Amino acid sequence: MDSELDNTVLERPPLLVLRGIVKQFPGCLANDHVDLTIGKGEIHALLGENGAGKSTLVKIIYGVMKPDAGSMIWNGQPVSIASPAQARALGIGMVFQHFSLFEALTVSENIALGLNDPKDRENLESRIAEISTRYGLPLDPHKAVHDLSVGERQRIEIVRCLLQNPKLLIMDEPTSVLTPQEVSKLFDTLRRLRDEGCSILYISHKLEEIRTLCERATIMRLGKVVAHCNPAEKTARDLAEMMISAKLKQQDYSNKTIHLGGDRLVVNKLTIRSNQQFGTDLKDISFTVKGGEIFGIAGIAGNGQGELMDALSGEIPAGSPMNILLDGAAIGQERPRARRRRGGCFLPEERNGHGAVGQMTLAENGFLSAHVRGALGRFGLINAKRTREFAAKVIHAFDVRTTGPLAEARSLSGGNLQKFLVGREVLQQPGVLVISQPTWGVDAGAAAAIYEALLQLAAAGTAIVLISQDLDEILLLCDRIAVIAAGRLSDAMNVKDATIEKIGLLMGGTHTGKEELAHALPA
Amino acid sequence: MNLAYVSNLAISVVAASTPLLIAASGELVAEKSGVLNLGVEGMMLVGAIAGFATAHQTGSALLGVGAAALAGMLIAMIFALLTLSFLANQVATGLALTIFGKGFAALLGAGYVGISAPVLHAIPVPLLSQIPFIGHVLFDQNILIYFSFVMLALIAWFLNKTHAGLILRAVGDSHDAAHAMGYPVLRIRYAAVAFGGAMAGIGGAYLSLFYSPLWSQDLTAGRGWIALALVVFSAWRPLWLLVGAYLFGGITFLSLYIQGLGIAVPSPLVSLLPYVGTVVVLVLISRDARRIRLNQPACLGKYFHAVS
């Protein structure tokens, strides 16, 4: 590994040097003696899986967290950054992964909140307009943030940073919420910034993006820096292997044979008002899933996926029973428990709090979902033995790393808990499974196991609805795809006919008939 | 009905509305910062007795108002300490604060029952008070009535036009984002809660030093709760707070008026009128869920625990 550390030649003078940064959280060493050097005017990638410690490291650079040990050198001078205001004063700007925006406030109010110096806030609107045109980041300063798309929100953060003429711009997973078209526009902006001499620290786990955009990369695993490299010289596979330290098994499910059964889940003109503050209302959603089929719903976060999940699982009842048919039964107004009895299984997006109760044991969490179909209780009493056996079966079948069925759910790592939850639903042998973001924050090995389980379940005749923001995952697993944008669902298409461009346009809310789509796409 | 009669009516409505307006303006600021303090009733009562006792001892009603503000602020700080620093549940703590405030005020006031204190006198505004009708209603009043209008205008200006007000709203909208940007979330909330406490205390002093200046237990008679409801009624907008407070004050006065006319309606039913009226208006307002959604501080009542 030393040789890999040695062969990074800095072509430019360093702007920021980190030495031996350590950050300890209870039960987890998030940063273990991390070294990082960012040159002037370079786009530097910080690569690593979820939980590798990237976000912690940048929060330290931006002054949100204090390191337990280590030193920082900025422009040749040793510094310690105690607050984000001090970081901004030095010339460090940051665009957060989960945007630090205020929904109820307008664009210009949001930007003003990021400017410490009252002088910076003078003539704010004309300066926003100037930066917007110069870098191709269109924004309306008077609009309230909750009305804006995710791409527009990101632009606010970028403009806010640029107003302070930063020398270093930190971008934490900037593309995870963007359409492919928005990503390429963002890259143009970043390249222009680099050409003007601004350094960019680009955090991501998307390998192809890093290969196209970045000149140097620092790779982290479990809190440590494991390698430095020039990403353009490596293949995506090399990078991935450095990132997860295991040889990847090439996955290809395209040859699978599908035996389609009858219609198992029919959604018919489903219209629902969101029960969340700043939620998305569902409008006129219709689709059909047959037994043995995996139906993918793509889309950017916050376009109605949560509401659709809640409507299908029964957490929000539909307007009419006929809006949702499960194996021919009109269940639109049934409660989740009744739907489970009919063979529906549901796994929402948030593992902690929605999919599982952190303070309860795995056995209890298993009971919550499987007591009907798994017959884990009778006369309102819990059958403790069967409940423990069910959890043990899931743990065994899905290789969940834990101390046993009596471990608390929150003691498991994200990937392991997700495997347990998927296993809990799959082992109930559902007739219809609705699953949202099954591999979010899960390592590659666990993801492969989850994919395998879903495919086997479909082969056994289950109709599966897969709601995911990960396009690669959808294209890999699904037979048919539809895109959700602003609470509306596009027409379904076969995965063979789906291209990234086509899906990207639909994600951006270009809800077109087929004719318009033909115009929008270059031939 | 002659003009003098109407202007007396109007004066009565102003008098009944002012304590609500003062207490609710303070609570509005606290809630805008994301803190739900249900202890308004308790803070008003403590302010009322502190003001009354001080005025009685010193002979100065104005000193009484100052003492009431201080007392309201101090008791609000107990709430802030428990909910902001020790992360106690805001709803439960607020209810406890009301119960505590009621008992504490009754204890302190035990020796004052039936005694009267110096009252706040009307201070006519030069020139303006000479305007027919309006001058008498609005510009020939005691200082706290002027204060209620000035403070409301200041709060509206502070929240919507100043950078500090923007920061306060931002903290209420997303404390995590505000913290990530480096704003001192807890300090801002402490300040907002302290302001809310001081205003509730002054609202209480208005009751004990002007509106019914004869100490009796439970002087506030649920006005703290109405002030809380008004904040929701207004959807957290100062101008609508004014409308709500005067609507409620108007209905309160109307119920007294009906009783005075001797119409054969059972008096408990008439006393119920302002409360029923408020409930009806609240229900009508809440039907527009979207407006509430957009204006309600998104972090209202939520825990904030900074990871550093």
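Quick note: numbers below take in every heavy atom, side chains included, and nothing from hydrogens, waters or symmetry partners. Order of the sequence lines sets the chain letters (A, B, ...), proteins ahead of strands, with each chain counted from 1. All values derive from a computational prediction rather than experimental measurement.
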Specify which of A:S83, A:A144, A:A112 makes the most heavy-atom pairs with chain B at under 4.5 Å.
A:A112

Which pair of heavy atoms, one from A:P84 and one from B:A180, lies closest together, and at what distance?
CG-O, 3.4 Å

Can you find a pair of side-chain heavy atoms, one from B:M181 and one from A:M94, that are under 4.5 Å apart?
no

Donor-acceptor pair, B:Y183 side chain versus A:L113 backbone, under 3.5 Å?
yes

Enumerate by number any residue of residues 147-164 of chain B whose heavy atoms lie under 4.5 Å from heavy atoms of chain A; in the absence of such residues, state 'none'.
B:H163

Taking every non-hydrogen atom, the tightest pair across A:L101 and B:S174:
O-CB, 4.2 Å

Pairwise distance OG1(A:T106) to CG(B:L166) - rounded to 0.5 angstrom
8.0 Å

